[in-house]
Protein chains: 2
Amino acid sequence: MTQHDLDPQTQPATHDRPTDARAEAFQGVREARSRELAEDYVELIAELIHDHGEARPVDIAARLGVKVPTVSKTLDRLAREGLITRAKYRSVFLTDDGRSLAKECRRRHEIVLRFLISLGLDPETAERDAEGIEHHVSERTLALFSAFVSRS
Amino acid sequence: MTQHDLDPQTQPATHDRPTDARAEAFQGVREARSRELAEDYVELIAELIHDHGEARPVDIAARLGVKVPTVSKTLDRLAREGLITRAKYRSVFLTDDGRSLAKECRRRHEIVLRFLISLGLDPETAERDAEGIEHHVSERTLALFSAFVSRS
DNA sequence: ACTGATTGTTAGCAATGTCTAACTTTATGC
DNA sequence: GCATAAAGTTAGACATTGCTAACAATCAGT
Ligand SMILES: [Mn+2]
Ligand SMILES: [Mn+2]
Ligand SMILES: [Mn+2]
Ligand SMILES: [Mn+2]
């Protein structure tokens, strides 16, 4: 390859994880990143349906802090992906897949949130951090978070 | 607004955080999301310069698991944003801003990583989760993570 | 110093995710 | 039931992030 990789002396003791493993990690993160939006949507849609009986684009938009046309376009994609069903000018419904994903997301969200609060974080910040972190925790980490919450 | 929000009975005891606060949380997450890539790049560039004396697109690409033209285009953006300097066909350098961001990112990365490992996670998974989580932890959370690591 | 291998750039495609503006449909209030 | 308000859609713009293919520059071994 390059001269560097052939010379161990030029590699001064930083973790020196294999390049491929790092690439895999980054690929995993990119993968998770690409699912984040759909996860936030279905989680929110499930909540709206539960709390209000229906999920309307205008309510989704208000809670996500985006404009309605943005929601409309994203909902088209979710429908294409089989997570929701929708009819023109009507509110949105989850498919079985969508409901199942929503449930999984809500579970992750709750675990992360309770964990952060158990650690001593204020609920506001916990909510904000959880909203981002939830998409990037492995099942293993989730298990450790759960255990910590129980134990504390 | 809509009939729902006017009728408290239809709001069955889910956390019922104000809509605006949620929107702000999501906006914060989107903001963080938009910075993730730049953060991963400068952190990696700093590491390559430290470990190998220079940061070449081909090495960045190998470690991120993307193709070289993707890196080239992203580096143009980072240059435009003032995080790096580059000359055609040459390797990349960090500006003061870039170096400062890299340092901050590395610090976050290390804290999150050590925290996850302290919790009991295996180093492989810890590395993967940290790579995603690092972009979504507030300074407060970081402080709690640090404290936990010290105390354990 | 040539030449072939490696590295880097450019152009162009596609998907995503955001917006505004203009329009259509549905719901509300009298 | 009609007029107006609210909600939803569509079109079109723009930035980002990925890719491949084609080309250009640099490096390395002889
Ligand atoms: Mn989220
Ligand atoms: Mn969530
Ligand atoms: Mn990262
Ligand atoms: Mn990192």
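So that the names make sense, note that chain A is the first sequence line, chain B the second, and so on, each numbered from 1.
At C/dT26, none of the side-chain N or O atoms of A/K88 fall inside 4.0 Å of OP1 or OP2 (strictly under the cut-off).
Going from atom CD1 of A/I60 over to atom P of D/dT9 covers 10 Å, rounded to whole Å. A straight line from CZ of B/R86 to P of D/dT26 spans 14 Å, rounded to a whole angstrom. Atom CG in A/L75 sits roughly 12 Å away from atom C1' in D/dT9 (whole-Å rounding). Spacing between atom CG of B/L78 and atom P of D/dT16 amounts to 10 Å, rounded to whole angstrom units. C/dA15 atom C1' lies 17 Å from atom CD of A/E36, rounded to whole Å. When rounded to the nearest whole Å, the span between CD of A/E31 and P of C/dA15 equals 17 Å. Between A/R56 atom CZ and D/dA5 atom P the separation is 18 Å, expressed in whole Å.
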Scan nucleotides 16-20 of chain C against the protein and return all N/O pairs shorter than 3.5 Å with their distances rounded to 0.1 Å.
unit_1: C/dG17; atom_1: OP2; unit_2: A/R77; atom_2: NE; d: 2.8
unit_1: C/dG17; atom_1: OP2; unit_2: A/R77; atom_2: NH2; d: 2.1
unit_1: C/dT18; atom_1: O4; unit_2: A/K73; atom_2: NZ; d: 2.7
unit_1: C/dC19; atom_1: OP2; unit_2: A/K67; atom_2: N; d: 3.0
unit_1: C/dC19; atom_1: OP2; unit_2: A/T70; atom_2: OG1; d: 2.7

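Residue B/R90 places its side chain closer to D/dT26 than to any other of C/dT7, D/dT26, C/dA27.
The pair B/R128-B/E124 does not count as a salt bridge, with every side-chain nitrogen at least 4.0 angstrom from each carboxylate oxygen.
Annotation: side chain to side chain donor-acceptor pair (under 3.5 Å) contacts involving residues 20-30 of chain B, sequence neighbours excluded, comprise A/E47-B/R22.
In the hydrophobic clustering (ILVMFWY side chains linked at under 4.5 Å, chained through shared members), A/L94 is joined by A/L37, A/Y41, A/V42, A/L44, A/I45, A/L48, A/I49, A/I60, A/L64, A/V66, A/V71, A/L75, A/L78, A/L83, A/I84, A/V92, A/L101, B/F26.
Residues passing the salt bridge (Lys or Arg N to Asp or Glu O under 4.0 Å) test with B/R90, sequence neighbours excluded: none. Here A/E131 pairs with nothing under the salt bridge (Lys or Arg N to Asp or Glu O under 4.0 Å) rule; sequence neighbours left out. For B/F148, the ring pair (Phe, Tyr, Trp, His ring centres under 6.0 Å) test picks out A/F148, B/F115, with sequence neighbours left out.
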